[in-house]
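Below, read A as the first sequence line, B as the second, and so on, with proteins coming before strands; counting in each chain starts at 1. Everything numeric here is computed off the predicted structure, so don't read it as measured data.
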Amino acid sequence: MSNLLALTIIWPLLAAIITAFFNNKKNTVRVMSQMFTLINLALVSVVLFLISTNGTIILETGSYEAPFGIVIVGDMLSITLVLTTNIVAAACVFYAPKSLTEQQESFFFYSFFFMLISGVSGAFLTGDLFNLFVFFEVLLMASYGLIVLGNGKAQLRESLKYVLINLFSSMLFVTTIAFLYSVVGSVNMAQVSQRVQEVEQQGILTTIAMLFFFVFATKAAVFPLYYWLPRPYIVPNPVVSALFGALLTKVGIYSILRVFTLIFVGETDLTHTIFIYLAAFTMIFGVIGALSTNNIKLIVAYNIIPAVGFMMMGIGIFSETALSGTIYYLINDMVIKAALFLLVGLIAYVAGTSDLRKMNGLIHHYPVLGWFFFIATLVLAGIPPFSGFVGKLLLIQGGLAQEEIMVVIASLVSSLLILFSMIRIFIRGFWGEKQDAPPHPERSGAARRMTWPIAVLLSITVLLGVGAEWFYPSVEEMGEYLMNPQIYIDSVIKE
Amino acid sequence: MEIIMAVLAGTLFTTGVYNLLQKQLLRIVIGTALISHGAHLFILTMGELKRGAPPILTDGIDQYTDPLPQALILTSIVISFGVTSLLLVLAYRASKINGTDNMEQLRGNDYE
């Protein structure tokens, strides 16, 4: 049964290899990729069901016992995130054929795509810090491939910066793991968590903790390390942007969530207080960036940053309610960011430009697209009954309970500004005079086929919001689980 | 021995960062390569350097080499080898298409 867990990582990897052989047969590779993604979705759902009924599944590779071998830990949090990843992936793979150019498709888009999914799933599931680094590299390598796909002038220019910043932070990650290894003598997360409590010099551990935070914050785009994010995220194809926006920063946030609830919980007064301040700055500066531009893709890319701030806020407050809020918001944000990037990609496609000043009256020709975008805006801003609201409510509840008034105010103000920055696109792009020229028939046909993956993603966010009653108990359980690292340690290391 | 290695790793890091902050693309790539070498040496040093002891832990043996850093460093070397070669190709393409290898000139606000 525990081998099934590894299959959720290996299946996309196999799919990547198989699709690589069919790169020139366009129709075959499309159908194949869609089939592979759906099978993987079903597979992850089965694993999720098994974990929810039988508890955490541990895979000890090669039957080496836990602290010695490599472990893959499937707890509810990890597998829920893997499921969300696969939902996003499924939406993207159905959107891709219309959005990608022929050249991009034949240059192994689907192989890179599956490798990215494999890396992200692995990063969520691994129970070993060094393996976390390896899976980070797997997903980054795939993302390097995806970001240069298309070979444009601006694309190469921006991807160079993306590769460099990620390479630097990866090397720092290795160095930090070496530091930690010299202090506690292990890279297994459960064992590290056990041993950090016994280390006498807590000061050096706090230093290592901050180094880890620096590495993950670079990947997750926390203030002041977010400057690299917006521009590289808008240059590739919208599908690629959607995958990046939905998955990559979230892996960073997940790593912070895991490491700072499981391992470095000794000096929460220092570390987690810093997180609260950084969260507030991340929200405010991110949303200022979103307000500063007229490029619709850039507006959405900047809106990744305040969302990261919200999740950091929950980790910083460090209470059960706040952590549940972070998890809820994390799941919500993965889905909605994918939907938004796909939406603005489509808007830019039908309008023929991504400059807001050159758009007008799109709603007359594309009413469905317009209202979908409106719903997505409400979800992002956290207006009930959508899922963004539930996450923010929990975070603010947690913040008020711990009397962190400053960050609560910052989060409310930035929510309002997020709504403002997004509604600008709706007002300036969709409202206004009807343009005389009828829409290009080919474009509107393609637009219809590209809309329904977005519809699926949006209906999931509505479901997460309206059905909060059903999902909340299990999310609350995950919050409780994160607050008690001993449960994780006991499930991995059996005496 | 550990001291020498630590100083060496530190030197590699410093020169790597210095090169990373240059404007020419090739120097930046060399900088990243130097930093990764520094990181690898550092992992090896952190696992304590011992000579002439086998990496086996059984009863009665108290002198042993820790095999884990060597496994880690090998993985890390392979990864950084791959990334560096990718970065070289990317730098070549980017400089060829943009017509410059100077980072100062590789900025702009056009995204199409």
| request: Heavy-atom distances under 4.5 Å only: say whether A/Ser159 touches chain B with side chain, backbone, both or neither. | output: both
Could you go through residues 19-26 of chain B and list every donor-acceptor pair under 3.5 Å that involves a side-chain atom there, pairing it with any protein atom two or more places apart or in another chain?
from	atom 1	to	atom 2	distance (Å)
B/Asn19	ND2	B/Thr15	O	3.2
B/Gln22	NE2	B/Tyr18	O	3.3
B/Gln24	OE1	B/Arg27	NE	3.2

| message | Among residues at least two apart in sequence or on other chains, which ones pass salt bridge (charged side-chain N to carboxylate O under 4.0 Å, His left out) with A/Glu158? | response | A/Lys161
| query | Among A/Asn151, A/Leu172, A/Leu298, A/Val134, which has the most heavy-atom pairs under 4.5 Å with chain B? | reply | A/Asn151
| remark: Heavy-atom closest pair (B/Ser76 atom, B/His40 atom, distance to 0.1 Å) is OG-NE2, 2.9 Å
| query | chain B contacts: which residues in residues 138-148 of chain A have a non-hydrogen atom closer than 4.5 Å to it? | reply | A/Met141, A/Tyr144, A/Val148
| remark: When the 4.5 angstrom heavy-atom criterion is applied to B/Leu106 and chain A, the contacting part is both
| Any donor-acceptor pair under 3.5 Å from A/Gln104 side chain to A/Leu149 backbone | yes
| A/Phe130 ring center near A/Phe133 ring center (under 6.0 Å) | yes
| query | Going by the angle between their ring planes, with limits at 30° and 60°, are A/Phe136 and A/Phe216 parallel, tilted or perpendicular? | reply | parallel
| query | Are there residues of residues 5-14 of chain B that reach to under 4.5 Å of chain A by heavy atoms, and which ones? | reply | B/Phe13
| field | A/Thr207 side, atom OG1; A/Phe212 side, atom CZ - distance, nearest 0.5 Å | value | 12.5 Å
| remark: Shortest non-hydrogen pair, A/Val71 vs A/Val492, comes out as CG2-CG1, 4.4 Å
| Most heavy-atom pairs under 4.5 angstrom with chain A, which of B/Asp66, B/Ile73, B/Ile35? | B/Asp66
| field | From CZ (A/Phe173) to OG (A/Ser170), nearest 0.5 Å | value | 8.0 Å
| query | Side chains of A/Ser169 and A/Lys219: do they bring a donor and an acceptor to under 3.5 Å? | reply | yes
| Under a 4.5 Å heavy-atom cutoff, which of B/Thr84, B/Thr32, B/Leu72, B/Ile79 has the most pairs with chain A? | B/Leu72
| query | Are the side chains of B/Ser95 and B/Thr100 in touch, meaning some heavy atoms are under 4.5 Å apart? | reply | no
| note | Among A/Leu167, A/Val235, A/Ile177, the residue with the most heavy-atom pairs under 4.5 Å to chain B is A/Leu167
| query | Within a strict 4.5 Å, meaning less than it, do heavy atoms of the A/Ile305 and A/Pro230 side chains meet? | reply | yes
| Contacting moiety of A/Phe179, where chain B heavy atoms sit under 4.5 Å | both
| field | Interatomic distance, A/Ile165 atom CD1 to A/Trp228 atom CH2 [nearest 0.5 angstrom] | value | 7.5 Å
